[in-house]
Amino acid sequence: MQRFLVLVVMLISSVSVYAQKPKPKSDGADNKDLSKYLDDGRIGNVSNLVRFRVGRAFSGYLGLSYERKFSRKFGLEGGAYYKVFKGNYVESESFPSIAYEQKLGSINGGTNFLIYPKLYISGKKINTGYFYGLRVLNFNYKADVVNNFYTMPNPIIQKDVKATATTLAITCGSHQHIASRFIFGLEMGYGLGWGTYKDLKYLQTDSSTGNQVLSSKGEDTKFSIDVFTIDISLGMLF
């Protein structure tokens, strides 16, 4: 009997001690770290970003780019685009000379590839930060070449002339986190571009008629342009 009473007293004592231990409340300090169990990692440590560039779309090129941030300071973006409608790239470029004026216009189709290393000066994650970059764009397309010869009443137009161009621009910008998986980016920059196309710009005199006609001999013509860019982008993190 005495042993039974001792066991009962010990049981009551242990229950009393357990009951006196403080229990965490649902809104107490012990539960402040609950959010870390609910974080699915979409924002915390992401290093990948798929981006749609609005400026590329205004130029007639539709496509996407992918950026990977390899460290706190360095990221690399690459993209591919296809020109589906007339934009504002080199359509307005003219190259006057003493005898004629030549323009590139009505670009019909073509591809555009982007390589874009970036140096981040703020921000630990890819979803926010300011950066400097070196944006390289390579163009392959077909365009109409308009030749306005000062000695001829009407321009001579060459259709679907193959052309290539490369632009190089120093940029600065940022992208900021706006929602669970999304960012908004804004950047601007200045640089130079150069390229080549084949034209039939030579005039010669027809010996039988004495009229000036366009020679059938083609030549690779080089050109250069100034590049000023302002771009808006929307991206999704993963």
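Note that the numbering runs from 1 along the sequence shown for the chain. Computed from heavy atoms alone, side chains included, the values below leave out hydrogens, waters and symmetry copies.
- The shortest heavy-atom contact between G110 and Y82 is O-CD1, 3.1 Å.
- A search for salt bridge (Lys or Arg N to Asp or Glu O under 4.0 Å) contacts involving R51 returns E67, E77, not counting sequence neighbours.
- Grouping the Ile, Leu, Val, Met, Phe, Trp and Tyr side chains by contacts below 4.5 angstrom, directly or via other members, places V136 apart from Y132.
- Applying the 6.0 Å contact sphere to OH of Y130 captures no more than 12 heavy atoms from other residues, nucleotides or ligands.
- Applying the ring pair (Phe, Tyr, Trp, His ring centres under 6.0 Å) criterion to F131, with sequence neighbours excluded, gives Y120, H175.
- Note: the hydrophobic cluster containing I178 also contains V50 (ILVMFWY, side chain heavy atoms under 4.5 Å, direct or indirect links).
- Counting heavy atoms from C-beta outward, Y81 and L62 have side chains that stay 4.5 Å or more apart.
- Taking the six-membered ring for Trp and the full ring otherwise, F139 and Y61 have centroids separated by under 6.0 Å.
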Exercise for review: Kindly determine whether H177 and F182 satisfy side chain to side chain contact (heavy atoms under 4.5 Å, CB included), including the steps that lead there.
Suggested key: CA-CA 6 Å; H177 179 246; F182 300 98; over 6 Å; no
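- Under the 4.5 Å side-chain heavy-atom criterion for Ile, Leu, Val, Met, Phe, Trp and Tyr, M236 and I232 are members of the same hydrophobic cluster.
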Practice item. Evaluate the criterion side chain to side chain contact (heavy atoms under 4.5 Å, CB included) for residue pair N48 and L237; output intermediate values, then yes/no. Key: CA-CA 6 Å; N48 304 283; L237 303 160; over 6 Å; no
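- A donor-acceptor contact under 3.5 angstrom links the side chains of E187 and Y116, judged on distance only.
- Other cluster members for L119: none, since no ILVMFWY side-chain heavy atom sits under 4.5 Å from it.
- Of all the heavy atoms in D231 and R56, the pair that sits closest is OD1-N, 4.3 Å.
- In this structure, the side chains of F52 and L64 come closer than 4.5 Å at one or more pairs of heavy atoms.
- Counting heavy atoms from C-beta outward, D226 and L192 have side chains that approach closer than 4.5 Å.
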Exercise for review: Tell me, with the steps shown, if R68 and L76 meet side chain to side chain contact (heavy atoms under 4.5 Å, CB included).
Suggested key: CA-CA 6 Å; R68 170 77 178 182; L76 181 63; 5.7 Å; no
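- Side chain of N112 to backbone of N138: a donor-acceptor contact under 3.5 angstrom is found.
- The number of heavy-atom neighbours closer than 6.0 Å to NZ of K162, taken from other residues, nucleotides and ligands shown, is 12 or below.
- Side-chain contact annotation: T229 with R135, donor-acceptor N/O pair under 3.5 Å present.
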